[in-house]
Structure formats: C-alpha cells, structure tokens
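Single-structure report; data block below.
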There are 2 protein chains.
Amino acid sequence: MNELISYFNKYNPLSENAINAIAEICKSVNIKKNQDLQSIGHTCRTIYFIKKGVARIYYYKEDIEITECFAFENAIIARVESLFTGKPSRKAIQMIEDSELIAISSAKLFDLYNTFPEIERLFRKIFESAYVDTVNRVESIQFHSAEERYNALLKESPNVLQRVPLKYIASYLGITQVSLSRIRGIR
Amino acid sequence: MNELISYFNKYNPLSENAINAIAEICKSVNIKKNQDLQSIGHTCRTIYFIKKGVARIYYYKEDIEITECFAFENAIIARVESLFTGKPSRKAIQMIEDSELIAISSAKLFDLYNTFPEIERLFRKIFESAYVDTVNRVESIQFHSAEERYNALLKESPNVLQRVPLKYIASYLGITQVSLSRIRGIR
DNA sequence: AATAAAATTTAACATAAGATAAATAATCAG
DNA sequence: CTGATTATTTATCTTATGTTAAATTTTATT
C-alpha cells in the first residue's frame with residue numbers, strides 16, 4: 001500500500017482513518033503478460049493502481065485494434081467513459097508485462113465518498129488532473145504531426161520503446177505501423 | 001439563476017442553503033459579439049455558465065488560431081487546463097454572439113467545497129462528465145476522417161452552422177478552411 | 001538449436017488533406 | 001446604398017500518411 005499512499009499524497013493527503021477505509025476496499029491482483037485485466041463489454045467497476053507493469057486501454061474501430069493510452073508504474077488506470085456513465089465499456093485494459101496491481105472497487109469507493117469527504121476530494125483531484133492530461137492530448141493529436149507526436153512520446157516516456165511493442169505505439173499515435181516505421185527510419 | 005439551478009439538477013441537486021451560497025458568488029456578465037471573455041496569458045479564475053450566446057475557446061499554434069471547443073446555452077465553460085493547475089492559460093474564451101453569462105469565482109467556489117460537500121460533489125460530477133466528453137473527442141479526432149467529424153458535429157449541434165463561422169469550425173475539426181470547404185462542396 | 005509465429009521494415013502506389021493564390025460571396029461601417 | 005473588409009469557395013500543386021504486399025528481423029515454442 002505504500003506506493004498507493006505516496007501517490008495519494010501527491011494529490012490530497014488523507015487522514016489515517018481514511019487510509020484504513022480505502023485499504024479495506026483494496027485487493028491485490030497479479031496479471032500475466034498480455035492478459036486482459038478488464039474485457040470489452042463489461043461496465044468498469046474497478047479502478048486500478050499499477051505497482052508493477054505496463055497497461056494499455058484498447059478498443060476496436062472496425063476490426064482494427066486501437067490503443068487509447070498507456071499507463072506505467074505508480075499510476076491509476078480506469079475506463080472512465082464507463083466508470084462515470086455506468087455504461088458498458090467498448091474498451092479493454094490489457095497488461096503488457098507481468099504486473100502487480102491494486103484493485104479498488106468503484107462502488108465501495110463511491111460509498112466512502114459519503115463518509116470521507118477527503119476521499120471524494122482526493123479522487124476529484126486525481127481525475128481533474130487526468131482530465132487536464134486528456135485536454136492536452138487532444139491538442140497534441142490535432143495539431144502536431146505524427147513525427148512530432150512520436151518524439152513527444154519518447155520524451156515523456158523514454159522507456160516506452162523498451163516496454164511496449166511498436167504496433168501499439170502506432171495506433172496510440174493515430175498512425176499505421178507502416179507510417180511509424182517510416183518515421184523511425186528517417187533518423 | 002433558474003437555468004443554472006436546472007443545470008445543476010441534472011448532475012447533483014443542491015439543498016437550498018447550498019444554492020444560496022452559490023448565488024452569492026455569482027455575477028452576471030454581458031459580452032458583445034466577438035469580444036474575449038477571458039484573454040490569453042491570464043490564469044483561469046472564473047467558471048462561466050452560458051445563459052445566452054455561443055462561446056469558443058481558442059489559442060494559437062505558431063500564429064495560426066485554433067478553436068479548441070464551442071459551448072452553447074445552458075453549458076459551463078472554463079479553461080480547465082489552467083483552472084486545475086493554477087498555471088496561466090495559453091487559451092482565450094471568446095463570445096461569438098452577444099451573450100449573457102453567469103460568472104462563478106473559482107476561488108470562492110473552492111472555498112464553498114469546504115463547507116458544502118454537496119457542492120464539491122456537484123462540480124466533481126460536472127467535470128467528470130466533461131472529462132468523458134474529452135475522452136470521446138480524442139477518439140473522434142484520432143480515428144474518424146475530417147468528413148466524418150464534420151457530419152458528427154452537424155448531428156450533435158445542428159445549429160452550429162448558423163451560429164459559428166466556418167473558419168472556426170475548420171480548426172475545431174482539425175483541418176484548414178480550404179479542406180472544410182472541399183468537404184462541404186461534395187454534397 | 002530449429003522451426004514457426006509474430007513484429008517490424010521496406011517498397012510501390014493511392015489518396016486525403018495542406019499550402020498558396022485567386023475568385024466570389026457575404027458582412028460591415030460610414 | 002456603396003465601398004471596404006472579411007469569409008468562403010475554387011483551382012492547382014505538394015506532401016504526409018494510408019494501403020497492400022513482400023522481405024526481414026525478432027521472439028516464442030518444441
């Protein structure tokens with residue numbers, strides 16, 4: 001739990017009581033490389049914290065698989081478009097490496113919001129921050145060339161190339177594998 | 001205030017006390033067509049509710065003006081990447097028509113969060129919903145053609161063409177005016 | 001280690017969208 | 001109402017990325 005608590009502290013430090021309450025709704029999950037943590041069609045009812053490993057969210061656009069995002073150690077991952085709407089998700093979460101996660105039940109978490117305003121505040125801040133990241137991602141996709149986006153990704157996550165197959169990176173960047181290979185070939 | 005209260009009710013109905021507390025931190029603002037409501041370089045300290053009119057958020061990418069989003073009546077608009085980080089915004093909010101707005105001071109609002117958890121919950125839900133919209137927008141930009149995005153916009157906001165100049169729509173769609181004109185010409 | 005499977009690169013050609021410039025249409029200010 | 005400004009369209013040419021297919025390299029399995 002230490003990693004998770006440090007993560008929380010970056011947003012909104014919690015009282016001991018609140019930490020204990022969260023600890024009670026957490027479960028450890030281990031997942032083998034390439035396995036889905038959550039599958040397409042199910043409603044998102046769990047928020048995961050990554051202790052070890054790499055995750056991606058992916059979905060299909062007309063039988064082509066698209067990677068929406070990656071998440072590495074000490075980050076939270078959830079399919080928010082399902083978590084916040086209660087609708088089934090068209091997306092899946094897959095672990096790209098053998099991974100260790102902490103699973104937080106969203107129903108129980110939302111219950112805790114009623115007894116611990118500080119927990120509601122914590123997650124408000126976590127998701128506000130994720131929201132800002134997504135707003136910035138729109139800008140990145142819309143107005144930077146594929147090459148610029150590739151370089152920006154390398155700068156942001158220098159180890160992504162070591163840990164994530166290029167085919168996933170290509171669709172994350174919004175281009176084909178062939179295009180990515182071309183961009184990489186230039187230098 | 002009635003429109004604003006109805007808007008709130010869609011997310012999290014408030015007690016009378018909470019409504020009164022919010023009412024106290026609201027101001028009416030009228031803005032003429034084409035005027036900036038908030039300008040580039042200032043930190044976002046106000047959340048606006050649009051009673052009448054159309055707003056857009058825009059910014060510059062290498063001296064080319066880009067429209068990030070539009071907002072119509074009965075919606076909230078704010079430059080969240082500044083609101084949630086406290087950093088100065090590279091973006092401006094402009095009113096495309098003569099408009100009436102309600103301005104909510106973000107500092108005072110965040111203070112109210114401490115006395116009214118229900119207000120914090122309300123805005124948590126409002127921004128969670130906006131976050132989901134942004135996640136969906138990433139998908140739309142990344143994996144639909146410009147023509148698909150144009151048609152989707154028309155379906156979503158059928159009156160956008162009557163109320164918003166095409167040059168703004170073009171950059172919102174991530175294409176040039178010339179490209180948009182070409183797409184429109186096809187049919 | 002050998003083979004099979006998967007991932008990545010390379011090549012050739014096609015296409016959507018960009019850039020620039022000019023023409024036309026719509027809007028605005030006096 | 002008229003000229004001036006701004007917005008939109010049309011035309012031409014260029015370019016980045018897509019598509020398909022084949023070649024090569026890497027990884028996984030027996």
Side-chain angles (χ1 to χ4, degrees), chain A residues 31-36 53-54 56 58 60-67 70 94-98 138-154 159-187, chain B residues 31-36 53-54 56 58 60-67 70 94-98 138-154 159-187:
Chain A
I31 292 270
K32 287 275 168 207
K33 178 172 177 167
N34 292 332
Q35 279 206 318
D36 277 1
V54 188
R56 69 180 185 115
Y58 71 93
Y60 289 90
K61 143 126 184 150
E62 292 153 16
D63 72 312
I64 292 171
E65 193 194 278
I66 310 261
T67 294
F70 302 108
Q94 183 193 39
M95 301 312 301
I96 297 175
E97 300 173 350
D98 290 355
V138 169
E139 188 178 331
S140 150
I141 296 171
Q142 195 153 17
F143 300 108
H144 296 262
S145 68
E147 189 174 352
E148 286 172 317
R149 276 176 273 148
Y150 175 70
N151 291 326
L153 174 66
L154 292 197
N159 50 357
V160 73
L161 286 184
Q162 280 75 56
R163 303 180 75 182
V164 176
L166 290 172
K167 60 178 177 172
Y168 299 157
I169 295 176
S171 71
Y172 172 76
L173 294 174
I175 56 179
T176 59
Q177 282 184 63
V178 175
S179 265
L180 177 56
S181 194
R182 197 154 31 196
I183 286 166
R184 285 161 50 79
I186 293 166
R187 332 179 284 126
Chain B
I31 291 271
K32 287 278 170 206
K33 179 171 177 168
N34 291 333
Q35 280 206 315
D36 278 0
V54 187
R56 70 180 185 115
Y58 70 92
Y60 289 90
K61 143 125 181 148
E62 292 153 15
D63 72 312
I64 291 170
E65 192 195 278
I66 309 260
T67 295
F70 301 110
Q94 182 194 40
M95 302 312 301
I96 297 175
E97 301 173 351
D98 290 355
V138 170
E139 188 178 332
S140 151
I141 296 170
Q142 195 153 17
F143 300 107
H144 295 263
S145 68
E147 190 176 350
E148 286 172 317
R149 276 176 274 148
Y150 175 70
N151 290 326
L153 175 65
L154 292 196
N159 51 359
V160 73
L161 284 185
Q162 280 75 56
R163 302 181 75 181
V164 176
L166 290 172
K167 60 176 177 173
Y168 298 158
I169 294 176
S171 71
Y172 172 75
L173 294 174
I175 57 179
T176 59
Q177 280 184 64
V178 174
S179 266
L180 177 57
S181 194
R182 196 154 34 194
I183 286 166
R184 284 161 50 79
I186 293 167
R187 333 178 280 129

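Values in this document were obtained by computation on a predicted structure and should not be read as measured data. Below, chain A is the first sequence line, B the second, and so on; all start at residue 1.
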Can you check whether Tyr172(B)'s main-chain N or O pairs, donor with acceptor, with Gln142(A)'s side chain at less than 3.5 Å?
-> yes

Separation of dT6(D) P from Asn34(B) CG (nearest whole Å) | 11 Å

Using whole Å, report how far CG of Leu180(B) lies from C1' of dA17(C).
-> 12 Å

Do you know which two heavy atoms are closest between Phe143(A) and Glu148(A), and how far apart they sit?
-> O-OE1, 4.3 Å

For Leu166(B) and for Val178(B), locate the closest nucleotide of DNA chain D by heavy-atom distance; then report the residue assigned to the nucleotide nearer the 5' terminus.
-> Leu166(B)

Measure from CZ on Arg182(B) to P on dA16(C) and round the result to the nearest Å.
-> 10 Å

When rounded to the nearest 0.5 angstrom, what is the spacing between CG in Leu154(A) and CZ in Arg149(A)?
-> 13.5 Å

Atom pair distance, as rounded to whole Å: CZ in Arg149(A) and P in dA16(D) = 13 Å

Please figure out whether Lys33(B) or Ala146(B) has its closest DNA chain C nucleotide nearer the 5' end.
-> Ala146(B)

Check every atom of dA17(C), dA28(D), dG18(D) against the side chain of Ser179(A) and return the nucleotide holding the closest atom.
-> dG18(D)

Could you state the CD1-C1' distance from Ile175(B) to dA19(C), rounded to the nearest angstrom?
-> 14 Å

Using heavy atoms to find the nearest nucleotide of DNA chain C for Ser145(B) and Tyr168(A) separately, return the residue whose nucleotide is more 5′.
-> Tyr168(A)

Gln177(A) has a side chain; which of dT17(D), dT9(C), dG18(D) sits nearest to it?
-> dT9(C)

Identify the two heavy atoms, one from Asn34(B) and one from Gln94(B), that lie closest to each other, and give their separation to 0.1 Å.
-> O-NE2, 3.1 Å

Whole-Å distance, Glu65(A) CD to dA6(C) P, equals 14 Å

Nearest-neighbour nucleotide for the Ser181(B) side chain, dA7(D), dT10(D), dA17(C) considered = dT10(D)

Minimal heavy-atom distance between Ile96(B) and Lys33(B), with the atoms involved, is O-CG, 3.3 Å

Shortest side-chain distance from Lys167(A), nucleotide among dA6(C), dA17(C), dT10(D) | dA6(C)

Rounded to the nearest angstrom, tell me the gap between atom CD in Glu148(A) and atom P in dG18(C).
-> 14 Å

Roughly how many Å is it from CZ in Phe143(A) to P in dA17(C), rounded to a whole number?
-> 14 Å

